[in-house]
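Let me begin by presenting the structure, written as structure tokens, before commenting on it.
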Amino acid sequence: MNHSPILPIIVPFIASIMLLMMNATQLSWQRGVSALSVTLLLAVSINLLLLADQSAPLVYALGEWQAPFGIVLVADRLAALAVLTTAVLSASALLYASGGFDSKGRHFHAVFQLQLVGINGAFLTGDVFNLFVFFEIMLLASYILLAHGGGLIKSRAGFAYVILNLAGSAVFLIALGLIYGTLGTLNLADIAIQLKTVPASEASLVRLSGALLMTVFLLKAAVLPLSFWLPHAYSAAGAPVAALFAIMTKVGIVAILHVQMIAFNAAPVMHGLLGSWLIVAALVTIVFAALGILSAKSLQSLVAWLILGSAGLLLIVPSLNNVVITAAGLYYLVQSAIVGAAFFMMAGLISNARGRVGDAFVMTTWVSDNKLKLGYFILAATAAGLPPFSGFIGKLMLLFAVKESVMMPAIWAVVLIASLVTTIALVKAGSRLFWEMPIDGEPLSQERLPPNNKRQHFATFGLIAISLLLIVFAQPLSDLTLRAAEQLHAPEQYIHAVIPHHADIQRGGRP
Amino acid sequence: MEAMLAVAIGLLFGCGVYLMLRARTLPVILGLALISYAVNLFLFASGRLVINAPPIIHADIKHYTDPIPQALVLTAIVIGFGMTAYILTLALRGLSESGDDHIDMVEKAESTSSTQIKKRH
């Protein structure tokens, strides 16, 4: 059996345990182990993507227990692509954090690695209860990372974030209980098989379980009535933590895509579960995020609203349910995660460069560093979707893909107006951050600023460079996302790879 | 038996939701704990209720109960326990930082000035 699918989980897991034991050693050693782990993670994720780029997904049965009785990891193209994106983000977030953020509290590196275990596990698992466990690992690590650095704002945002996610976990468990109680399985491929033969007496319970499951994923993905937590939590986190969080809303979207495409699409009992209303919720989320971007009072909270807007845009994908739209959505997913993370780091750099006022939109001294202005310009143009940057390509692909849909006028109007509003808000924010001076020309504050932090600069501009590479390599990447979308929309391959002979499996009756 | 379990789950859920809507941190945490108990009972019931039967499938044993929900409940209990411990410490930190156990953790004017005075000394 090929062990590649487990490596993106096991590498950070071992590093995390080592780091917990190394707590008494110097920070530089911990940084070294953490960096080594992330480098290895990058290597194994690239390897996994190369291996998974074939027609049938890679299946890894943990402990050789075959599905549907054991837990399996399934690396399809979507999961491998998401894992690679996580690895890239984590490498730059870790480099940024090594510039001093990790010394603000204990256990930063151990928890950081644990967060990677949770995210990668949630992408790769092929079992819905295992998905719950990895979600909880991811969330528990994110609670601790969110509070890292301390302060009342973080405690307040953290408390609300934790309560909301615990309530979400309760709903998740109820959905899983209903699924197990009615279908007798928790393996995603097996759920897909069992869904085809649901007796009419249990149809409504099964449909309810599907709706509850989607509700939880939509909470993680932050669709409108369930999205009020996101701007607060993401704007309170430290810059490198927020950068890593940029991938976390994507975990919810990838989970929706997997469950929807593999199990629910072909099942008559789940017919129309998401179709008609999710598109409306997604569009309302985009409008809400655009209003939030206009009202933001600091750069980091503005970026948090941008992340919400990109989540809304991505939710068009599961609601319209078509190969081309999914392919465009996956390109946008990778692109928006990288740009969102880079933007959070840029907010951290600008905040450092402005001293006490941080990244709030108030008048202060000049920011003398021209590199920061250039970086801000690139990121703002990308986030707003201006050509020739990668945000433009992502949005253009998505807008072209929805051309056939009946919802086309609504989607085009909302996305384009929201992009215009975003552009205006980003222009206003940039001019306030970099150009605005007190009327008498005297700088308000004369505090001494810390010198430029090389690691933080390198991490941020490295990620910006990757976002530029997404323009150059847009064609190969969009080809890859197209293949990933085709694989998602042909679930028979996935099911066959996980359970090759499902007719031969002996199933006991209910006790 | 089924009816009793259903009523117990419903009662725990009702109390949990009521407590979660309170404005102080400790009742909210208690409410979450009650909800997690209700969820655990619910998960347990997803394998159907069987009395006096082992959770083992074996050729000699005709009367058995489903072992998987028990394993699921065990996992859920462990995770819920860890979460409750973490959120209690978070609430305590909020209490010590804001001087109040209100859910919004608004910094009080008096407490701010008193901490500033303390810092100065």
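Below, read A as the first sequence line, B as the second, and so on, with proteins coming before strands; counting in each chain starts at 1.
The closest side-chain heavy-atom distance from A/Thr215 to A/Leu226 is below 4.5 Å. Contact annotation: the side chain of A/Phe69 never approaches that of A/Asn187 to less than 4.5 Å [non-hydrogen atoms, C-beta and beyond].
Between chain A and the options B/Ile68, B/Val73, B/Val28, the largest number of non-hydrogen pairs under 4.5 Å is found for B/Ile68. By number of non-hydrogen pairs under 4.5 angstrom with chain A, the leading residue of B/Arg93, B/Met83, B/Lys62 is B/Met83. For the options A/Gly158, A/Ala160, A/Ser169, A/Gly177, heavy-atom pairs under 4.5 Å to chain B are most numerous at A/Gly177. Of the residues considered (A/Ile163, A/Val162, A/Leu176, A/Leu178), A/Ile163 shows the highest number of contacts with chain B, using heavy-atom pairs under 4.5 Å. Of the listed residues (B/Gly94, B/Ser36, B/Gly16, B/Pro69), the one with the most heavy-atom contacts under 4.5 Å to chain A is B/Pro69.
Both the backbone and the side chain of A/Ile144 come within contact range of chain B, with heavy atoms under 4.5 Å apart. Residue B/Thr75 touches chain A through its side chain alone, counting heavy-atom pairs closer than 4.5 Å. Only the side chain of B/Phe13 comes within contact range of chain A, with heavy atoms under 4.5 Å apart. Both the backbone and the side chain of A/Tyr143 come within less than 4.5 Å of a heavy atom of chain B. Heavy atoms of B/Leu72 lying under 4.5 Å from chain A belong to its backbone as well as its side chain. Looking at B/Thr84, there are no atoms closer than 4.5 Å to chain A (heavy atoms on both sides), in backbone or side chain. At a 4.5 Å heavy-atom cutoff, the contact between B/Leu32 and chain A is made by side-chain atoms alone. Of the two parts of A/Ile137, neither the backbone nor the side chain holds a non-hydrogen atom closer than 4.5 Å to a non-hydrogen atom of chain B.
Side chains of A/Glu202 and A/Thr182: a donor-acceptor N/O pair is absent below 3.5 angstrom, by distance only.
Using cut-offs of 30° and 60° for the angle between ring planes, the A/Tyr234 and A/Trp229 rings count as perpendicular.
Judged by distance alone, the side chain of A/Lys220 and the main-chain N or O of A/Met248 form no donor-acceptor pair under 3.5 Å. With hydrogens and angles ignored, the 3.5 Å screen pairs no side-chain donor or acceptor of A/Glu136 with any backbone N or O of B/Ala76.
Ring centers of A/Phe101 and A/His148: under 6.0 Å apart, within the cut-off.
Here the closest heavy-atom approach between residue B/Ala91 and residue B/Ile29 is recorded as CB-CD1, 3.8 Å.
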